[in-house]
Amino acid sequence: GTIPSEVGLLSKLTLLNIDSNELTGTIPTELGSFTNMVEFDLDFNKLTGTLPTEFGQMTVLKDLDIRGNKLSGPIPSEIFNLAKMTMLRFDDNMFS
């Protein structure tokens, strides 16, 4: 299945782990509204497309794991400006 954009309405989430579910499609930009998100795991799925620049709005994010997908394009520079980030895993994708 895919990630429904309505998940972005759960704005108070601090942890979301939906790894290893064979999810397909793109990552909805609405997920960037997770301003309380501390840990976000989407690893080992079959997600395609780019990593939304809106992820740069997750200012308290410490752990982002998106490895093992089919994501492509550039990694948004906004991700590298997240001051609280302590772990970023994006290997085994097709980023440029």
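This one's a predicted model, so the numbers in the text were calculated from it and none came from an experiment.
In this view, Thr53 and Pro76, Glu78 satisfy the side chain to side chain contact (heavy atoms under 4.5 Å, CB included) rule, not counting sequence neighbours. For Thr26, the side chain to side chain contact (heavy atoms under 4.5 Å, CB included) partners two or more places apart in sequence, or in a different chain, are Thr48. For the salt bridge (charged side-chain N to carboxylate O under 4.0 Å, His left out) test, residues two or more places apart in sequence or in another chain that qualify with Glu22 are Lys46. With sequence neighbours left out, Asp65 forms a salt bridge (charged side-chain N to carboxylate O under 4.0 Å, His left out) with Arg67, Arg89. Qualifying side chain to side chain contact (heavy atoms under 4.5 Å, CB included) partners for Thr50, counting only residues two or more places apart in sequence or in other chains: none. With sequence neighbours left out, Thr59 forms a side chain to side chain contact (heavy atoms under 4.5 Å, CB included) with no residue at all. With sequence neighbours excluded, the residues that form a ring-ring contact (aromatic ring centres under 6.0 Å, His included) with Phe40 are Phe34, Phe55.
Clustering ILVMFWY residues whenever any of their side-chain heavy atoms sit less than 4.5 angstrom apart, transitively, puts Phe90 in a cluster other than the one holding Val38. Residues Val60 and Leu15 fall into different hydrophobic clusters, defined by Ile, Leu, Val, Met, Phe, Trp and Tyr side chains chained together at heavy-atom separations under 4.5 Å. Grouping the Ile, Leu, Val, Met, Phe, Trp and Tyr side chains by contacts below 4.5 angstrom, directly or via other members, places Leu9 apart from Ile3.
Atom CG of Leu23 is separated from atom CG of Asn69 by 8.5 Å, given to the nearest 0.5 angstrom. A distance of 7.5 Å separates CG of Asp43 from CG of Asn45, quoted to the nearest 0.5 Å. We find the OG-CE distance between Ser11 and Met37 to be 10.0 Å, quoted to the nearest 0.5 Å. Interatomic distance, CG of Leu13 versus CG of Leu31, reported as 10.0 Å (0.5 Å rounding). Here the CG-CG distance, from Leu42 to Leu51, works out to 9.0 Å after rounding to the nearest 0.5 Å. The OG atom of Ser33 sits 8.5 Å away from atom CG of Leu10, with the distance rounded to the nearest 0.5 Å.
Taking both residues in full, the closest heavy atoms of Thr24 and Leu47 are given as O-CD2, 3.8 Å, listed atom of the first, atom of the second, then distance. Counting all heavy atoms, side chain and backbone alike, Met58 lies closest to Gly32 at CG-O, 4.1 Å. The minimum heavy-atom distance between Ser96 and Pro74, with the atom names listed, is OG-N, 3.3 Å.
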Using residues 80-87 as the side-chain source, report each donor-acceptor pair under 3.5 Å to any protein atom, sequence neighbours left out, with the distance given to one decimal.
residue : atom : partner : partner atom : Å
Thr86   : OG1  : Lys62   : O            : 3.2

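Side-chain contact between Ile66 and Phe44 is absent, with no heavy atoms from C-beta onward closer than 4.5 Å.
Each ring-ring contact (aromatic ring centres under 6.0 Å, His included) pair with one or both residues in residues 1-23, not counting sequence neighbours, would appear here, but there are none. For residues 5-20, no pair satisfies salt bridge (charged side-chain N to carboxylate O under 4.0 Å, His left out), with sequence neighbours left out.
Counting only distance, with no hydrogens or angles, the side chain of Asp41 and the backbone of Asn17 share no donor-acceptor pair below 3.5 Å.
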